Every structure is written in structure tokens, then in C-alpha cells.
Amino acid sequence: MKALEEKILKEGQVRPGNVLKVDGFLNHQMDIKFINEIGKEFKRLFADRQINKILTIEASGIGIACITAQYFDVPVVFAKKSQSINLDGSLYTTKVKSYTHNRTYDVIMAKKFLTRDDHVLVIDDFLANGCAVNGLIEIIKEAGATLEGVGIVIEKGFQPGGQKLREQGINLKSLAIVESMTEDSLTFRANE
Ligand code: 5GP
């Protein structure tokens, strides 16, 4: 997505630890008009799939998933990173290593919101090593639901998450794939 690449080049900052900071439009302040275009693009890329639910993980994925869901006219479920008294009934749980916080979280979701009848699109902001997406895929498998695709806003192509998902035959679409990045240069991989 050309406009996304341009926005990353203009506003993104590369931080130590291979972290791309895009908090001016995606991760802290959110540019809703722009994220609306992201939602439309996900709809275009997954138009051939019968999707009845969007799944993401808190926190950064939620806003993007909600705007995207309006184009699919489906609900969003987000996996939670901590136990809460509001979570009752049977739960799916898995562990996810956080890229940006360098710690492992228990990720939790109520079983009643994902069943074998669901056809799921996973949405997240970034793909790095694939831990977050793999945690969500584990939950989908445990539920017996069908994974229709994974939509990522920014994939860091020099990290292994994307390749591992594609090798498993997963229908992964990333709107921008960063090929390389340093403090003063950033390149993209050609994309559909
Ligand atoms: P993974 O689980 O694929 O290793 O990392 C993906 C998760 O870590 C995303 O949900 C995202 O929140 C966070 N993340 C990974 N790399 C970056 C990055 O370069 N910038 C930002 N802002 N978040 C990242």
C-alpha cells in the first residue's frame, strides 16, 4: 500500500532493538481517516473469503480491527493479556512473548466467542517474530475454527514471522513489508 509506505517514510522512526515507531498515526495517536483506508485495503485483499469474525490481540490491534470490521460487517474479538474478574466461563489460554515489552504474557479469551463455526480473519499492527499471530492461531485451532487469513499493517520482512507463516500455507497479507531499516534509511519489499 503505497500511501502507507510514504507515511512510514515520512513519520516512522527506527529505534534500538529493530523497533519501528509509528506512534503518530498507528500506535499511540491514531489517524482514523488513514486507518479507514487500511480497513478498505484489508477488505479488498480478503474479499474472496467468507469471514464472520475478526480476531486480534490487545492493545494496538483493537482499533485497526474495529475499523476494518466495519467493511466486513462482522464482530471483533480481542484476546486479553491479563486475567480479569470480567472474564468468566471457559477460557482459551496461551502464552505470547511480547516483542516490545520483552516479557511473556498469558493471553486469554472466553470460549463462547470463538467456536468451530467461525471463519476468522486475524488482524494486527506489526509482524516481527510471529509470536502474537501464532498465539492467536493456536486459539483458533483449539476452538476448531477456520483461519481464513492474517492481515498485518507493517511486516518487518527481515524478521522471521512472515516467512514462517507463509511456509505453513497461511494466507498472509501485509500492507507494507519493511525489507531493511536503520536510523537513516528504510526500504520496502515490493508488494501486491
Ligand atoms: P511478534 O509477536 O510478531 O514478534 O511481534 C508483533 C507484536 O509486537 C505486535 O503486536 C506489535 O505490537 C509489537 N511489535 C513488534 N515489532 C514492532 C515494531 O517494530 N514497532 C512497534 N510499534 N511494535 C512492534
Side-chain angles (χ1 to χ4, degrees), residues 1 4-32 34-35 38-39 42 54-69 76-82 92-109 120-141 147 149-168 170-189 191:
M1 188 180 172
L4 175 61
E5 293 185 357
E6 283 165 6
K7 210 155 168 79
I8 294 168
L9 286 175
K10 194 163 160 230
E11 298 182 31
Q13 292 174 312
V14 178
R15 291 293 163 90
N18 278 326
V19 172
L20 177 60
K21 205 164 175 226
V22 284
D23 60 357
F25 68 94
L26 196 67
N27 286 135
H28 198 357
Q29 174 169 263
M30 299 180 77
D31 181 337
I32 298 304
F34 189 72
I35 297 171
I38 285 175
F42 280 136
I54 290 182
L55 179 62
T56 190
I57 186 165
E58 67 178 3
S60 300
I62 297 175
I64 302 159
C66 288
I67 289 181
T68 301
V76 172
V77 189
F78 60 93
K80 300 194 176 208
K81 283 183 180 160
S82 60
Y92 301 115
T93 59
T94 186
K95 288 197 184 303
V96 167
K97 186 170 186 300
S98 162
Y99 187 90
T100 40
H101 296 101
N102 199 21
R103 54 169 280 209
T104 299
Y105 291 93
D106 284 315
V107 169
I108 304 155
M109 221 180 88
V120 183
L121 174 63
V122 169
I123 292 284
D124 205 6
D125 57 343
F126 272 88
L127 179 61
N129 295 323
C131 301
V133 168
N134 278 316
L136 295 176
I137 291 174
E138 266 178 42
I139 289 176
I140 291 169
K141 281 189 184 151
L147 175 64
V150 176
I152 297 291
V153 181
I154 305 173
E155 175 182 340
K156 290 183 290 179
F158 54 89
Q159 292 174 328
Q163 191 181 338
K164 282 193 231 160
L165 293 175
R166 290 186 182 93
E167 280 169 4
Q168 292 171 59
I170 287 166
N171 180 24
L172 166 67
K173 312 273 187 192
S174 300
L175 303 188
I177 305 181
V178 177
E179 184 73 66
S180 70
M181 63 185 206
T182 64
E183 249 176 65
D184 41 30
S185 103
L186 195 147
T187 62
F188 294 99
R189 190 182 295 171
N191 207 356

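Atoms within each ligand, like the ligands themselves, are counted from 1 in listed order. Predicted model, so just to flag it, every value in this text is computed and none were measured. No hydrogens, no waters, no symmetry mates; every other heavy atom, side chains included, goes into these values. We count residues from 1, following the sequence as given.
- The neighbour count for Q163 CD, taken as heavy atoms of other residues, nucleotides or ligands under 6.0 Å away, does not exceed 12.
- Closer than 4.0 angstrom to ligand 1 lie heavy atoms from N18, V19, L20, N27, Y99, T100, D124, D125, F126, L127, A128, N129, G130, C131, A132, K156.
- Residues that satisfy the salt bridge (Lys or Arg N to Asp or Glu O under 4.0 Å) test with R15, not counting sequence neighbours, are absent from this structure.
- Within the 4.5 Å cutoff, side-chain heavy atoms of L175 are placed close to those of F42.
- With hydrogens and angles disregarded, no donor-acceptor distance shorter than 3.5 Å links the side chain of K164 to the backbone of G130.
- Across T56, L26, V76, I54, a single residue satisfies side chain to side chain contact (heavy atoms under 4.5 Å, CB included) together with I64, and that is L26.
- Of the charged side-chain nitrogens involved, none lies within less than 4.0 Å of a carboxylate oxygen, so that K81 and D106 do not count as a salt-bridged pair.
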